[in-house]
Amino acid sequence: MRVLIVEDEPLIARALKEGLEAEGYAVDHANRGDDGLWMATENSYDAIILDLMLPGMNGFVVCRTLREQGNTTPVMMLTAKDGDFDQAEGLDTGADDYVTKPFSLVVVTARLRALIRRGPAERPAVLKAGDLSLDPAERVCHRGAEEIELTPREFGLLRYLMHRRGESVSKRDLLSHVWSDDQLDDSVVQVYVGYLRRKIDEPYGRQAIETVRGHGYRLDPEGG
Ligand code: CA
């Protein structure tokens with residue numbers, strides 16, 4: 001079981017990391033919200049422990065962005081103290097559980113076990129475009145019967161294009177929904193679209209991802 005801790009207070013982060021490692025978890029740690037989001041996007045975790053107040057990007061935004069990307073990893077939100085946090089708001093952004101600081105390690109590990117056992121709360125529907133299919137819950141992609149291996153970023157990109165299949169999607173939109181950073185140079189989108197095409201289109205002589213000149217890309221709802 002691999003867990004990501006996103007927490008900027010060194011003492012709390014260290015206590016959590018050591019406590020969870022003693023329980024047999026593999027633990028990664030990020031100090032900043034934006035770094036945490038990046039790690040959660042690049043790697044696959046069984047659960048994420050996410051502090052609310054973080055430098056770079058707050059926990060609400062991290063969690064909401066993950067959910068928008070189709071990431072259903074269970075999230076436990078840590079909040080500073082009762083009262084400065086609206087539980088309903090936390091749950092609305094897609095957190096699965098919340099724990100108020102100060103907390104005991106015993107409570108956190110017990111609730112983490114329950115969270116992982118329960119798994120992702122909602123299993124999004126399988127997305128289809130012709131014989132191209134993407135299962136966000138299982139994180140697998142198929143062209144016909146053949147499984148295609150995608151990196152998390154490629155998966156996120158294809159998921160978003162499939163979610164909006166038939167529509168012309170701008171590079172800015174892709175940067176903000178797949179990379180969570182619309183300030184990035186949009187050449188990165190071009191590079192990743194190239195990677196995707198080499199996996200889902202070229203080996204099959206297909207053209208599911210169409211270039212919309214001067215704008216972005218469109219996924220053919222028929223799968224190319
Ligand atoms: Ca904090």
Side-chain angles (χ1 to χ4, degrees), residues 1-122 136 139 152-153 155-156 160 175-184 188:
M1 290 291 165
R2 190 170 177 199
V3 175
L4 173 65
I5 298 170
V6 190
E7 167 64 80
D8 59 319
E9 287 156 72
L11 288 179
I12 295 177
R14 200 173 71 204
L16 276 174
K17 188 169 194 297
E18 287 174 357
L20 294 178
E21 282 173 349
E23 296 265 324
Y25 292 94
V27 180
D28 289 341
H29 171 232
N31 285 308
R32 297 170 51 92
D34 45 359
D35 291 344
L37 177 61
W38 185 83
M39 288 171 78
T41 307
E42 294 295 316
N43 308 307
S44 171
Y45 293 100
D46 296 290
I48 299 169
I49 298 179
L50 181 61
D51 188 28
L52 178 58
M53 298 308 291
L54 290 162
M57 180 184 282
N58 75 46
F60 283 140
V61 178
V62 173
C63 192
R64 198 182 58 216
T65 307
L66 284 173
R67 297 307 186 231
E68 280 175 3
Q69 292 174 353
N71 187 318
T72 56
T73 306
V75 170
M76 178 189 288
M77 190 88 84
L78 301 179
T79 70
K81 58 179 189 292
D82 247 347
D84 70 350
F85 169 66
D86 181 344
Q87 178 184 345
E89 190 184 352
L91 298 175
D92 279 351
T93 58
D96 302 278
D97 195 6
Y98 72 100
V99 169
T100 307
K101 294 176 182 175
F103 49 77
S104 90
L105 201 53
V106 177
V107 167
V108 168
T109 51
R111 295 200 16 197
L112 189 66
R113 267 197 299 274
L115 203 57
I116 291 174
R117 197 167 51 234
R118 212 156 65 221
E122 53 169 303
R139 296 192 78 77
R153 185 73 79 190
F155 192 91
Y160 191 70
L175 285 174
S176 102
H177 287 271
V178 181
W179 278 264
S180 314
D181 183 356
D182 60 8
Q183 303 305 309
L184 274 177
V188 71

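Throughout, numbering of the chain's residues begins at 1 and tracks the sequence. Source: prediction; values computed, not measured. Atoms within each ligand, like the ligands themselves, are counted from 1 in listed order.
- Around the Ca ion (ligand 1), the protein contributes the following N, O or S atoms at distances under 3.0 Å: Asp8 OD1, Asp51 OD2, Met53 O.
- The ring pair (Phe, Tyr, Trp, His ring centres under 6.0 Å) check on Tyr160 picks up His177, with sequence neighbours excluded.
- Around atom CZ of Arg14, no more than 12 heavy atoms belonging to other residues, nucleotides or ligands sit under 6.0 Å away.
- Considering every non-hydrogen atom in both Met77 and Asp51, the closest pair reads SD-O, 4.5 Å.
- Leu52 and Asn58 get closest at one heavy-atom pair: O-CB, 3.4 Å.
- Of the inter-residue distances, the one linking Ile5 atom CD1 with Tyr25 atom OH reads 11.0 Å to the nearest 0.5 angstrom.
- No donor-acceptor pair closer than 3.5 Å links the side chain of Asp28 to the backbone N or O of Leu4.
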